[in-house]
Amino acid sequence: IALKPDYAEAFNNRGNALKELKRLDDALASYDKAIALKPDYEFLHGMKLHMQMHICDWSNLQSQLNGLVASIAEERKVTLPFPVLGLTDRPDIQLKASKIYANEKYPEPAVWGELNTLPADGKIRIGYYSADFRDHPVSHLMAELFELHDTERFEIYGFSFRNSSNSEMRQRVANAIENFIDVSTKSDTEIVMMSRNLGIDIAVDLGGFTQDLRTGIFAERCAPIQINYLGYPGTLGAPYFDYIFADRTVIPEGSQQYYSEKVVYLPHSFQVNDSQRKISDKVFSRQELGLPKDGFVFCCFNNNYKIVPETFDSWMRVLKATGGSVLWLLEDNPTAARNLRKEAQIRGVDPERLVFAARMKLDEHLARHRAADLFIDTLPYNAHTTASDALWAGLPVLTQMGQSFAARVAASLLNAMDLPELITNTREEYEGRAIELANNPFRLSEIKKKLEQNRETSPLFNGQLFARHIEAAYAEIHRRQLGGEKPDHIYVESLVK
């Protein structure tokens, strides 16, 4: 930049580096500079807006968002797909953003070379591909499934894109997957050839368009069947992904048109969970967490970028209607905390009623959920792993269900827990239910008791049941492939009657 002050690419790359260093204000300034120098910089406008959301800087947000959505509709290369999930609840726009990106960055090659599916009398070879076999939400959810797979019927492979630190979670996953391979130094083509030589029947991409993505592996076809699962809550818009795992809540049949993949409908919830997760025995006092001793505690531990002004408006109206209550949020960065307190004041709410929680070890983080009364969700990007965390820790989650996959995940989890009374469909209903539960301790206590009972008996945290369901899906997918049938929507029957 010193040598060439008008070098937009350098400002973009500096923004990426600063983002990794958690210097988010500086990253945003760098992206702004890149766009000022090159207004049509490909795929950068969405990332710049996403960075604003990380620090809860909502200045000029609506006009920027309107421009972004219009540009996507015109098939312009203005954003990576991931930021779109948290900015708009329009599945048609999310599909278009994914298609534009996949087609530009990871087009389908003209020739793949021949791929053979092994006959059904051998084990079905499943490959899981991820950069997140580490202390990461994907592994927090998947670990028990890896341990419970039926290795008499399936041969399980894990392809790790990142040579992560030797964390406890990394060790647990590596021990659970019988063939765990670090491919972090290999090229996409080398991983494709390795997968083909190993005869992988079904490749499962656990990352999609998230950090450290390796979409090129799937563009080159590392397996005859390729599945989009878990890490990216939406369509990948690419012709080489055959299926997406979902359920009837996250993708209703009427929404299939917004997914380039065929839908595999798992019974109950699509989201796998780990019933072995430890909750610390540590008992936190409200005082040490900065919370009032007696007031009602609403909480939301979602990432800051999921908080949009409309959700925040609702939260502030709820606080105003419930005297003495506070809102307990995750402090991802100090700028976001400052901005949210400022936004509270603008809406006539004392900024001190926002309490911020620093990050801590997961088992202790789960334990501190007990200090809250009700988890209130975000829209259009719901709580996903954070909703599972809360439910596992015994904290009810109130959600508003939207239209897109990411906007329906909390509802999926609540349906699997038989807690439909915590699912709302409108902003008014969401706010009304939050106020009602804060003002009716008996009703809230009943819901908490039901949650405690259902946590032990519902399908959501039944690892064995989930493993059998997803394996039934793999078996049907493999059967169809062997029979020469094209991918089509698949409905897995529940083993619980």
Side-chain angles (χ1 to χ4, degrees), residues 19-22 82 125-151 154-188 190-192 194-195 198 200 202-218 222-223 227-233 245 271-280 282 301 303 330 332 358-367 384-389 392-393 461 463-464 466-467 470:
K19 178 168 75 77
E20 291 299 309
L21 293 168
K22 303 288 185 194
F82 184 77
R125 291 176 175 161
I126 309 292
Y128 291 103
Y129 297 73
S130 181
D132 300 323
F133 294 131
R134 55 194 172 100
D135 193 12
H136 183 278
V138 165
S139 286
H140 296 162
L141 295 173
M142 291 286 296
E144 188 177 29
L145 173 62
F146 296 141
E147 293 163 347
L148 293 175
H149 265 313
D150 181 354
T151 51
F154 299 90
E155 206 167 287
I156 307 299
Y157 291 79
F159 297 87
S160 177
F161 302 153
R162 182 195 277 229
N163 187 3
S164 306
S165 61
N166 224 2
S167 65
E168 192 178 326
M169 182 53 76
R170 170 79 168 191
Q171 277 303 307
R172 183 179 168 193
V173 169
N175 291 340
I177 296 176
E178 56 187 319
N179 304 287
F180 189 80
I181 308 166
D182 178 0
V183 292
S184 56
T185 61
K186 297 194 179 297
S187 70
D188 289 356
E190 285 174 321
I191 298 169
V192 169
M194 177 188 289
S195 302
L198 289 168
I200 301 299
I202 299 171
V204 185
D205 180 9
L206 294 175
F209 297 140
T210 59
Q211 192 174 23
D212 301 318
L213 78 174
R214 298 291 297 269
T215 313
I217 293 163
F218 305 95
C222 60
I227 300 175
N228 166 19
Y229 181 49
L230 196 65
Y232 188 81
F245 281 136
Q271 186 174 289
V272 63
N273 274 280
D274 177 9
S275 66
Q276 306 302 313
R277 285 208 286 168
K278 296 185 185 76
I279 301 177
S280 169
K282 185 169 180 179
F301 291 139
N303 277 309
L330 185 70
D332 188 52
R359 291 188 182 272
M360 60 169 57
K361 281 174 54 192
L362 182 58
D363 64 334
E364 293 188 355
H365 171 60
L366 291 172
H384 294 183
T385 310
T386 41
S388 285
D389 288 348
W392 182 240
F461 296 110
Q464 284 282 1
F466 187 91
I470 202 167

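- Taking each heavy atom of Arg214 and Val183 in turn, the nearest pair found is NH1-O, 4.1 Å.
- Side-chain atoms of Ser195 come within 3.5 Å of backbone N or O of Ile191 as a donor-acceptor pair.
- From Ile227, atom CD1 reaches atom CD1 of Ile470 across 7.5 Å, with rounding to the nearest 0.5 Å.
- Between the CD atom in Glu147 and the CG atom in Asn175 there is a gap of 8.5 Å [rounded to 0.5 Å].
- Here the side chain of Trp392 pairs a donor or acceptor atom with the backbone of Arg277 at under 3.5 angstrom.
- How far CD1 of Ile217 is from CG of Asp205: 8.0 Å, rounded to the nearest 0.5 Å.
- Remark: Asp182 pairs with Ser184 by the side-chain hydrogen bond (donor to acceptor under 3.5 Å, both in side chains) rule, at least two apart or across chains.
- No donor-acceptor distance shorter than 3.5 angstrom exists from the side chain of Glu364 to the backbone of Ser280, with no hydrogens or angles considered.
- Looking at His136, its side chain does come within 3.5 Å of a backbone N or O of Val138 through a donor-acceptor pair.
- Between Lys22 and Asp332, none of the side-chain N atoms (NZ, or NE/NH1/NH2) sits under 4.0 Å from a carboxylate O, so this pair counts as no salt bridge.
- Taking each heavy atom of Leu148 and Gly463 in turn, the nearest pair found is CD1-C, 3.4 Å.
- Note on Asp363 versus Lys278: no salt bridge recorded, every NZ/NE/NH1/NH2 to OD/OE distance being 4.0 Å or above.
- Heavy-atom neighbours of Glu168 CD from other residues, nucleotides or ligands within 6.0 Å: at or below the threshold of 12.
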Practice prompt. In sequence, state the C-alpha distance, the side-chain angles, and the governing distance for Ser388 and Asn273, and then conclude on side-chain hydrogen bond (donor to acceptor under 3.5 Å, both in side chains).
Written response: CA-CA 8 Å; Ser388 285; Asn273 274 280; 2.8 Å; yes
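- Aromatic pair Phe82/Phe209: ring centres not closer than 6.0 Å.
- When atom types are taken as modelled, the side chain of Arg170 and the backbone of Phe133 share a donor-acceptor pair closer than 3.5 angstrom.
- What you find for Ala131 and Phe161 is that their closest heavy atoms are N-CD1, 3.7 Å.
- Residues Gln464 and Glu144 bring no donor and acceptor atom of their side chains to less than 3.5 Å of each other.
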Discussion item. Please determine whether side-chain hydrogen bond (donor to acceptor under 3.5 Å, both in side chains) holds for the pair Glu155 and Asn179, giving the CA-CA distance in whole Å, both sets of side-chain angles, and the decisive distance to 0.1 Å.
Written reply: CA-CA 8 Å; Glu155 206 167 287; Asn179 304 287; 4.6 Å; no
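- The shortest non-hydrogen separation linking Gly216 to Asp188 is CA-OD2, 3.4 Å.
- Across all non-hydrogen atoms, the minimal contact from Tyr229 to Val204 is CB-CG1, 3.8 Å.
- Looking at every heavy atom in both residues, Pro137 comes nearest to Thr385 through CB-OG1, 3.4 Å.
- Taken from CZ in Arg172 to NE2 in His140, the straight-line distance is 9.5 Å, to the nearest 0.5 Å.
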Worksheet entry | Pair Thr151-Glu178, side-chain hydrogen bond (donor to acceptor under 3.5 Å, both in side chains): steps then yes or no | CA-CA 9 Å; Thr151 51; Glu178 56 187 319; 5.4 Å; no
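- A distance below 6.0 Å separates the ring centres of Tyr129 and Phe218.
- Scanning for side-chain hydrogen bond (donor to acceptor under 3.5 Å, both in side chains) contacts around His365 gives Arg368, with sequence neighbours left out.
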